[in-house]
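Keep in mind that the numbers below use all heavy atoms, side chains included, and drop hydrogens, waters and symmetry copies. By convention in this document, chain letters (A, B, ...) are assigned in the order of the sequence lines, proteins followed by strands, and residues within each chain are numbered from 1. All values derive from a computational prediction rather than experimental measurement.
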Protein chains: 2
Amino acid sequence: MKLTSKGRYAVMALVDLARFDTINPVSLRDISLRQGISLDYLEQIFSKLKKNQIVKSTRGIQGGYILSKKPNEIKLNNILNAVDEKVKTVQCKKESKKGCNGKATKCVTHNLWDELETHINTFFEKKSLQDLLKNNSERVN
Amino acid sequence: MKLTSKGRYAVMALVDLARFDTINPVSLRDISLRQGISLDYLEQIFSKLKKNQIVKSTRGIQGGYILSKKPNEIKLNNILNAVDEKVKTVQCKKESKKGCNGKATKCVTHNLWDELETHINTFFEKKSLQDLLKNNSERVN
DNA sequence: ACATACCTGACTAAAATGGTCAAGTTTAGA
DNA sequence: TCTAAACTTGACCATTTTAGTCAGGTATGT
């Protein structure tokens with residue numbers, strides 16, 4: 001299972017977007033400066049976010065990105081999946097028809113990781129961008 | 001955050017141990033054969049489990065490992081911590097006195113990862129070796 | 001004494017991570 | 001129409017982590 005910087009950056013960038021895209025599209029350059037994330041890396045991330053219809057882009061001067069849905073409709077789950085940060089635990093090698101590791105039965109931890117995945121996914125399905133926005137504005141900067 | 005094979009192997013090995021250590025210590029060789037895990041790798045894992053007082057060892061012929069507590073007293077949490085599979089998400093770089101990434105405030109995702117950690121830890125704190133044993137014996141092999 | 005089993009540390013191939021770099025294409029506005 | 005801002009794409013790469021292997025030990029029951 002993995003949850004790394006890419007996922008964190010994606011979330012940070014989208015929260016930034018949600019705060020600033022109300023009038024004009026927001027350029028990655030601005031996000032890069034505000035959030036301290038490499039522009040080149042942001043481009044990779046936004047390419048994936050776009051493919052997954054989380055953001056829309058406008059080219060040219062004054063171009064940039066906007067959210068394609070309302071903040072409360074974008075769940076963290078969607079974001080993390082989009083950037084390939086699927087919550088997936090180590091799979092048992094070659095789960096053949098019946099069991100794991102070539103055994104006849106599933107290994108004892110098999111169901112455990114399944115449960116964990118569900119547990120974590122539930123967490124992320126409940127959280128939306130909107131939730132993070134609230135959280136952020138409550139804090140007095 | 002990471003949750004990889006090492007943690008899975010540790011859990012598998014300890015479940016195996018719990019099932020077979022009732023009379024004699026169990027040798028890593030046996031576990032290796034039954035669970036299909038490299039002996040050398042198991043030795044590394046058990047070294048850590050021992051340091052964390054999860055298992056006890058006996059040397060020499062007929063030696064091996066036994067659990068140092070009852071299965072229901074060993075939480076998965078303990079196991080995963082022992083083998084350095086702490087549930088930890090990516091830290092914000094150099095969280096200085098006040099905020100993340102040199103900013104004055106915490107980044108918007110900061111609390112989020114904290115919450116997630118708690119969420120996952122809670123899951124593992126509730127599960128004991130005993131729970132997995134039950135699960136396993138229910139299944140007809 | 002000797003085989004078994006634990007113990008320790010160094011080493012490594014492969015994969016993942018967190019980017020950088022280069023070379024575009026598109027479009028608004030002067 | 002020219003040009004610069006901004007998106008787009010894909011190759012590349014250094015570092016770290018992972019999942020082990022290997023080579024030696026040391027302790028102990030029989």
Kindly give the heavy-atom pair with the smallest separation between B:Lys6 and B:Val83, and that separation in Å. CD-O, 3.6 Å
Measure from the side-chain N and O atoms of A:Glu73 to the backbone N and O of A:Lys70, and report whether any donor-acceptor pair falls under 3.5 Å. yes
Side chains of A:Lys50 and A:Ser57 only: does a donor on one sit below 3.5 Å from an acceptor on the other? yes
Rounded to whole Å, the CG-P distance (B:Leu49 to C:dT8) equals 13 Å
With sequence neighbours left out, write down each residue that passes side-chain contact (heavy atoms from CB on, under 4.5 Å) with B:Asn24, or none if nothing qualifies. none
Donor-acceptor contact present, side-chain B:Asp131 to main-chain B:Ser128, <3.5 Å: yes
B:Gln35 CD to D:dA19 C1', in whole Å, measures 17 Å
Does a nitrogen or oxygen in the side chain of B:Tyr41 sit under 4.0 Å from OP1 or OP2 of D:dT18? no
Residue pairs fulfilling ring-ring contact (aromatic ring centres under 6.0 Å, His included) with at least one residue in residues 63-85 of chain A, sequence neighbours excluded: A:Phe46-A:Tyr65
Please encode protein proximity along nucleotides 3-12 of chain D as a string of B, S and -, counting only heavy-atom distances under 4.0 Å. -BSSBBB-B-
At less than 4.0 Å, is any side-chain N or O atom of B:Ser5 found next to OP1 or OP2 of D:dA19? Yes or no. yes
Atom NZ of B:Lys48 to atom C1' of C:dG9: distance rounded to whole Å? 13 Å
Between P of C:dT8 and CD1 of B:Ile45, the distance in whole Å: 16 Å
Write down the distance between CG (B:Leu42) and C1' (D:dG20), rounded to a whole number of angstrom. 11 Å
Short side-chain N/O contact from A:Thr4 to OP1 or OP2 of C:dG18, under 4.0 Å: yes
